Student: 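Questions regarding the structure given below will be posed in turn.
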There are 2 protein chains.
Amino acid sequence: MSSMTNNYELYKVFYLAAKTGSLSQAAKALYLTQPSVSHAIKQLEDSFGLVLFHRTSKGVTLTQEGALLYSYIEQSHILITRAEEKMAALKNLDDGELRVGGSDSLFKHYLLPYLESFHRQYPGVRIHLNHGTTPEVIAFLKEGRIDLGVVRMPIVDPQLQVRESFQLQDCFVAGEGYSELKNTELSMEELLHYPIILFSRNSRARMAITELFQSYGYPLKPEFEVGSVDLLIEFARKGLGISYVTREFVSRELEDGSLFEIRLDVPLPPSQVGLMTMRNMPLTNAASRFMEMVG
Amino acid sequence: MSSMTNNYELYKVFYLAAKTGSLSQAAKALYLTQPSVSHAIKQLEDSFGLVLFHRTSKGVTLTQEGALLYSYIEQSHILITRAEEKMAALKNLDDGELRVGGSDSLFKHYLLPYLESFHRQYPGVRIHLNHGTTPEVIAFLKEGRIDLGVVRMPIVDPQLQVRESFQLQDCFVAGEGYSELKNTELSMEELLHYPIILFSRNSRARMAITELFQSYGYPLKPEFEVGSVDLLIEFARKGLGISYVTREFVSRELEDGSLFEIRLDVPLPPSQVGLMTMRNMPLTNAASRFMEMVG
DNA sequence: TATTGGTCATAGACGACATCTATAGCTCCT
DNA sequence: AGGAGCTATAGATGTCGTCTATGACCAATA
């Protein structure tokens, strides 16, 4: 007796019968036959022990009790219809949101064109960018605050799934003040005679290059330690030293000659960008579409 | 493609799965097995082309899309539950309304005890009384403003269904001033020497008695014509004349001697009270219960 | 480690019941 | 009187919702 809970499908039939004022028309609308509808209404009436419709030779009209029921069911039906529309919109990406985490520089130099074209193709999807360091982005992901993180590889975390996406190449660059180094190839030792500008300590690229020098026996101690890629570039342009930056992020400066790359006699390790998601966590439609576009 | 309209029953399953966070528990609540619930959810997901739940080893949690759907379905479910409760209440007569039409005097002298006991038994049912003349009451009924009319018979209207309920007897009464008539039997002619007080022209009782006198060849012209039974009584008590009233409505005055009945040498016709409803129109539960009580 | 107990997913069989066809009864309109 | 609506009813049919049985997975035990 606790949950009387009729079959909800009956309410759909009831709704249409009441709305159209005709069991036959309701049947048409539902792609059913009239007896089916008649039977469904009868089930409802029996379940309540109340008469819901007044049957006449030209259709049906609601009784008082039926009208009261209708006032509820109509609202309910509207909500369900909205829900279905909403779901369809999410499916078509006419609606929804895409929440991405990553570093500012990756957004700006790497993800921006994808975000642009995604937004152009799906203007209904609201895009949220959350920038932070790699551990912060991982935390965002685990808290469910973002759908997708864009970070440097490698990431080792059993809860996460990472897809390699794009290779970047870090390199040393300098500006006008060091033009004597333009067409030479330096050794590590020679490089270290110059002031070095590095990104802040906790960055992945900084750790990688420090380790590399260490493996050859050289300690890499920066003259300047800065907190953004833009500052790395600016410091180098002003001639304050040699910056270690991602080549793809300074392509413009390399083009216009305000910076040039310094070749070393040892190869520098490439760095992989990875798209990071929760393992075994379904993606939103928007997020998975975006992943496809980034490829 | 027009109306995507899923089987609503799936939403009930979805609701419980989301609410309990477990397909198994939802199954229990619905008296189903877990695979059934699993299948139902899959149907919904397939229909939308979206993943609604994130499955883990300890249950399910809503995805973003699922959460959005839930926000609609939860409301919808609440409405349906309320509707079902409301219907149960109407069935039990814990709620609802009873709308009766009739004349004031019938309400007061005939229907009141029934209304009282009905109200005592079903205090949740709101009672509306609409008084009016017989044609007005018929109109109320046809407009759907009342469920039930209480009127004098006969009623001839193919749209109406009338059940005879109670017999009343009209009679002539007078007060102290006419005590010489107390133990005599008058003829019609003798009666007409006294001032007569009648109810207003359009009443059924008035028409009946006028016709009766006419059939014997006597015109019945009242000295006073009043608009309520109370005035009929009051006028007679004050000695203004002889009132034609329903005997049952003056039982108290006949008891305490402030009025006495004048016997005629011709029998006066009894008048039937009828309960009138729309033919082929289902009654509300409250109305049909009330009809039973009135018997 | 293995074990146990919980989760959900899948496959296939079964049967309830939703739906259908056919028909009848009714009212209204031509 | 006949036709064109409407709904109700009865009984046949077959869909599809549900079940059983099983597997895979995970987490928390022993």
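Computed from heavy atoms alone, side chains included, the values below leave out hydrogens, waters and symmetry copies. Residue numbering restarts at 1 for every chain, and letters A, B, ... go by the order of the sequence lines. In this text, all values refer to a predicted model and were calculated from it rather than measured experimentally.
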Student: Answer yes or no: does a side-chain N or O of A:Thr33 lie under 4.0 Å from OP1 or OP2 of C:dT19?
Tutor: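 Answer is no, no contact under 4.0 Å.
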Student: Is A:Arg55 close enough to D:dA8 that one of its side-chain N or O atoms is under 4.0 Å from OP1 or OP2 there?
Tutor: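 For D:dA8, OP1 or OP2 has a side-chain N or O of A:Arg55 closer than 4.0 Å.
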Student: Quick one: B:Met281 CE to D:dT7 C1', roughly how many Å, whole number?
Tutor: 16 Å
Student: Any chance NE2 of B:His131 has more than 12 other-residue heavy atoms, nucleotides or ligands included, within less than 6.0 Å?
Tutor: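 Counting other residues, nucleotides and ligands, NE2 of B:His131 stays at 12 neighbours or fewer.
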Student: Can you find a donor-acceptor pair, distance only, under 3.5 Å between B:Gln34 side chain and C:dA9 base?
Tutor: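 Yes.
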Student: Verify the contact: side-chain N or O of A:Ser57 to OP1 or OP2 of C:dC26, cut-off strictly under 4.0 Å; return yes or no.
Tutor: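 Answer is no, no contact under 4.0 Å.
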Student: Please check if the side chain of B:Ser288 supplies one atom and the backbone of B:Thr284 the other of a donor-acceptor pair under 3.5 Å.
Tutor: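 Side chain of B:Ser288 to backbone of B:Thr284, a donor-acceptor pair under 3.5 Å: yes, one is there.
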Student: So A:Val51 and A:Glu65, do their side chains get closer than 4.5 Å, heavy atoms only?
Tutor: no
Student: What is the distance from OH of A:Tyr8 to C1' of D:dG17, rounded to the nearest Å?
Tutor: 18 Å
Student: Can you work out whether B:Ala40 or B:Pro35 has the more 5'-proximal nearest nucleotide on DNA chain D?
Tutor: B:Ala40
Student: Can you tell whether the side chains of A:Glu9 and A:Lys12 come within less than 4.0 Å, N to carboxylate O?
Tutor: yes
Student: Looking at every strand, decide which applies to A:Gln43 at a 4.0 Å heavy-atom threshold: base, sugar-phosphate, or nothing.
Tutor: sugar-phosphate
Student: Quick one: A:His54 NE2 to C:dT27 P, roughly how many Å, whole number?
Tutor: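 Going from NE2 in A:His54 over to P in C:dT27 covers 11 Å.
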Student: Please report, rounded to the nearest Å, how far the C1' atom of C:dT19 is from the CG atom of A:Leu30.
Tutor: 13 Å
Student: To the nearest Å, give me how far apart NE2 (A:His39) and C1' (D:dT9) are.
Tutor: 10 Å
Student: To the nearest Å, give me how far apart CG (A:Leu52) and C1' (D:dT7) are.
Tutor: 15 Å
Student: Is B:Ser38 close enough to C:dA9 that one of its side-chain N or O atoms is under 4.0 Å from OP1 or OP2 there?
Tutor: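 So the side chain of B:Ser38 is within the cut-off, an N or O lying under 4.0 Å from OP1 or OP2 of C:dA9.
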Student: What does B:Ser24 touch in the nucleic acid at a heavy-atom separation under 4.0 angstrom: a base, only the sugar-phosphate, or nothing?
Tutor: sugar-phosphate
Student: Can you check whether A:Tyr72's main-chain N or O pairs, donor with acceptor, with A:Ser76's side chain at less than 3.5 Å?
Tutor: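 The answer is no, because no donor-acceptor pair under 3.5 Å joins these two groups.
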Student: So does A:Ser36 get a side-chain nitrogen or oxygen closer than 4.0 Å to the phosphate oxygens (OP1/OP2) of C:dC20?
Tutor: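 For C:dC20, OP1 or OP2 has a side-chain N or O of A:Ser36 closer than 4.0 Å.
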